[in-house]
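One structure below.
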4 protein chains.
Amino acid sequence: MTKEDKPLRADARRNRARVLEAAEAVLARDGVAASMRAVAQEAGVGLGTIYRHFPTRETLYEAILVARMERLVEHVPALREAEDAGAAFFGFFTDIVDNATRMRAVADVLADAGIDVKAGMSEVGSAVRSAIELLLVRAQQQGAVREDLRMPELLALLGAVCMAAERHQWEPELRDRTLGVVFDGCRPHH
Amino acid sequence: MTKEDKPLRADARRNRARVLEAAEAVLARDGVAASMRAVAQEAGVGLGTIYRHFPTRETLYEAILVARMERLVEHVPALREAEDAGAAFFGFFTDIVDNATRMRAVADVLADAGIDVKAGMSEVGSAVRSAIELLLVRAQQQGAVREDLRMPELLALLGAVCMAAERHQWEPELRDRTLGVVFDGCRPHH
Amino acid sequence: MTKEDKPLRADARRNRARVLEAAEAVLARDGVAASMRAVAQEAGVGLGTIYRHFPTRETLYEAILVARMERLVEHVPALREAEDAGAAFFGFFTDIVDNATRMRAVADVLADAGIDVKAGMSEVGSAVRSAIELLLVRAQQQGAVREDLRMPELLALLGAVCMAAERHQWEPELRDRTLGVVFDGCRPHH
Amino acid sequence: MTKEDKPLRADARRNRARVLEAAEAVLARDGVAASMRAVAQEAGVGLGTIYRHFPTRETLYEAILVARMERLVEHVPALREAEDAGAAFFGFFTDIVDNATRMRAVADVLADAGIDVKAGMSEVGSAVRSAIELLLVRAQQQGAVREDLRMPELLALLGAVCMAAERHQWEPELRDRTLGVVFDGCRPHH
DNA sequence: TATGAATGAGACTTCATTCAT
DNA sequence: GATGAATGAAGTCTCATTCAT
């Protein structure tokens, strides 16, 4: 706590951000084979600097995930007020998939390492989860989404589509057609 | 041709099979980080034996993939004659997902290595594809699947669900609920 | 340029030198079979350190060769001014042979690897060549060496004697007697 | 003794010869990196067959050396009767160098392995040595070679030139020019 | 604080040699 | 006797992480 909250010096914060950004890029390029040295080079900092901010490979990747999620959640307040709850729900789903392009490699690495992703980032993680749930419930109340759709399968679908979108580099059209099927499956009345 | 078809000695074939089996298990357990030595130990053979049968890490993984697919395609002839084309289609989809539990790690590794998966196994690969297409068309003819569903998004969905099922070790119930949504999205009349 | 010339940190330079020295010793002891690990142990550094300085086995061997040659060329300026050009010529030849005691294993390895030795060290390599040629010409002008001796056969002889001296660990007396024959063959008037 | 003298079956002897020949070729091609498997393939026999005839890598290489030397010694009886003892001596020297094209790689390997070449083939080895000595003495008696040339330096020169000729693939002209210098150094009157 | 040199475990792969077929 | 499958030690090289500068 004490350590965590100490505000970083300006240059330190700048370095932290550069490393994070570089790590995303390198991960997207090299996949699981990404090396810390490559990240350092991309970020234009020394190896030691990375380890100052992220004591471990896993710590770094987790931070990326958290950053991504924070970016996602930024959209939520606006969506929660939206008139058309169905559009908000499906729109957020699509947003997440779009963002996933680089997200999966990260989750992958964490999962491979046997790390419980939720452990290190429960806060922001559950923020995303809450956001999804909120939008889901509202959409169901407006009758835009079937009543019997529950969070587990929703998250499963979301995860599946994100993974695939990233690995196979879906074109926008393919993404739309595929999500179309999934969304139809989410709608009521069968 | 002659060289390729020369039947392996009994013990050699046995070992080849053991390696393949062990590799699947280890891959499922350790993910992309799986090492050849671990496979050798699991198979109870020497490291060299693996390399005799599969000159390269990639060769081994590809062989696993091919074996999996061959196992899948075995089911097809029966399904193609089924009365209820819809049930056959959705059943095969489910089969594939079940089989995928260990399949993804393999595809992953190949993809990471920049290997064109289709290259090494075009035959059996396209056999699976053909089987899916066949069942799809029949199901559409019987009105069990919507007319506008095309192969690209079907394969995209299938891939997505397979990946996720493997990585997150879906319980049977979760699998059913998730596939339920997808299948509903595939059905006509919306 | 800028990157290349950046002076190494003191400890890094010390290590580089130690590796080079150790590699020469190990190569002399173990011949072509010398392993990187053996070099690391002899140098008292980690394996990784070697690879930091010499990204490849061949790079290391080439560096040794270059170092040797540089040491040789140091003698040249003095010799070029010598009164007795014949003594200078034959003296330099002998020097090279003495230095060759450990040099051949290196050239060997490079040759085996199909590496063009001249490629990586053209500068210092041709410096040696030039030095030899210079001393040869002066010796011929003074009548100490026969006029029809040309560089190709001179280098061939030099190479041959160096190889043999190294491999068979010539005693000083044997070296003198053998070089005596060769030198007589180089002298005029037959 | 008992084992050694048992005459081989016809096919066995044929195989032995094929292996020997193949080994020479492979050694010439791949140098020290030559592998037993490569020899087996070149010979068109199984790996086991090689090991039946030559229980060890070194044994095989030694056998090659012996075979080469036997071939050399065949020429000797004729030379020993020659009128011009100088021509006979220098001719034999040249012969050996020509034959050396492939011989050195073998000697190399043996030397690298710390094997005393003379040990395993003392008989034929000393036959060559005797032949050289014989021709040397006769040439000295006829005044074609200087009196003070002794075997040690003669063998040293021979070895040196053989090595170099093989490694650097001397062209005939270069060989003649180089041997010319050496031979001049061997002649009397300086 | 930032840097990057050093470390060494561990990955992949080769190859001499043994031994079941 | 011949074959080639199996073995595993050993080699080269990579990379996460530590620590002197």
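Residue numbers begin at 1 in each chain, while the letters A, B, ... track the order of the sequences.
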Next item on the list: Consider the side chain of Y51(A), meaning its heavy atoms from C-beta on, and name the nucleotide among dA5(F), dA2(F), dT17(F) that approaches it most closely.
Entry: dT17(F)

Note to self: Please determine whether a side-chain nitrogen or oxygen atom of N15(B) lies at a distance below 4.0 Å from atom OP1 or OP2 of dA5(F).
What the structure shows: no

Next item on the list: Give A34(D) one of three labels, base, sugar-phosphate or nothing, depending on what nucleic acid heavy atoms sit under 4.0 Å from its own.
Entry: sugar-phosphate

Margin query: Just the rounded figure in Å: distance from C1' of dG8(F) to CD of Q41(B).
Written below: 12 Å

Note to self: When both hydrogen-bonding distances must be under 3.5 Å and the geometry is Watson-Crick or G-U wobble, what is dT18(E) paired with, if anything?
What the structure shows: dA5(F)

Next item on the list: Mind calculating the distance between CZ (F54(A)) and P (dA16(F)) to the nearest angstrom?
Entry: 15 Å

Margin query: Looking at dC15(E), I'd like to know if its phosphate oxygens (OP1 or OP2) sit under 4.0 Å from a side-chain N or O belonging to R37(D).
Written below: no

Item checked: Minimum-distance nucleotide to L47(B) side chain [options: dC15(F), dT13(E), dC12(E)] -> dT13(E)

Next item on the list: Send over the distance from R52(C) CZ to dC19(F) C1', rounded to a whole Å.
Entry: 13 Å

Note to self: Side chains of E62(A) and F54(A), heavy atoms from C-beta outward: is any pair under 4.5 Å?
What the structure shows: no

Note to self: Quick check: closest heavy atoms across A22(A) and V39(A), and the distance to 0.1 Å?
What the structure shows: CB-O, 3.8 Å

Note to self: How many whole angstroms separate atom CD1 of I50(C) from atom P of dT7(E)?
What the structure shows: 10 Å

Margin query: In this structure, how many angstroms lie between the P atom of dA10(F) and the CZ atom of R57(C), rounded?
Written below: 16 Å

Item checked: Closest-nucleotide 5' rank along DNA chain E - winner of M36(D) and G44(C) -> G44(C)

Next item on the list: Name the pairing partner of dT14(F), where a pair is Watson-Crick or G-U wobble with both distances under 3.5 Å, or state none.
Entry: dA9(E)

Check: Rounded to whole angstroms, how far apart are CG on L60(C) and C1' on dC13(F)?
Finding: 14 Å

Checklist line | Contact check, side chains of R16(A) and R52(A), non-hydrogen atoms, under 4.5 Å | finding: no

Note to self: Closer than 3.5 angstrom, by distance alone: can the side chain of S35(A) be matched with the main-chain N or O of A38(A) as a donor-acceptor pair?
What the structure shows: yes

Notebook entry, point to check: Within the structure, does a side-chain N or O atom of T49(B) lie under 4.0 Å from either OP1 or OP2 of dA5(F)?
Noted result: no

Notebook entry, point to check: Looking at R29(A) and E42(A), does any basic side-chain N land under 4.0 Å from a carboxylate oxygen?
Noted result: yes

Check: Atom CZ of R18(D) to atom P of dG1(F): distance rounded to whole Å?
Finding: 17 Å

Next item on the list: Please check the phosphate of dG1(F) (OP1 and OP2 only) for any side-chain N or O of H53(D) closer than 4.0 Å.
Entry: no

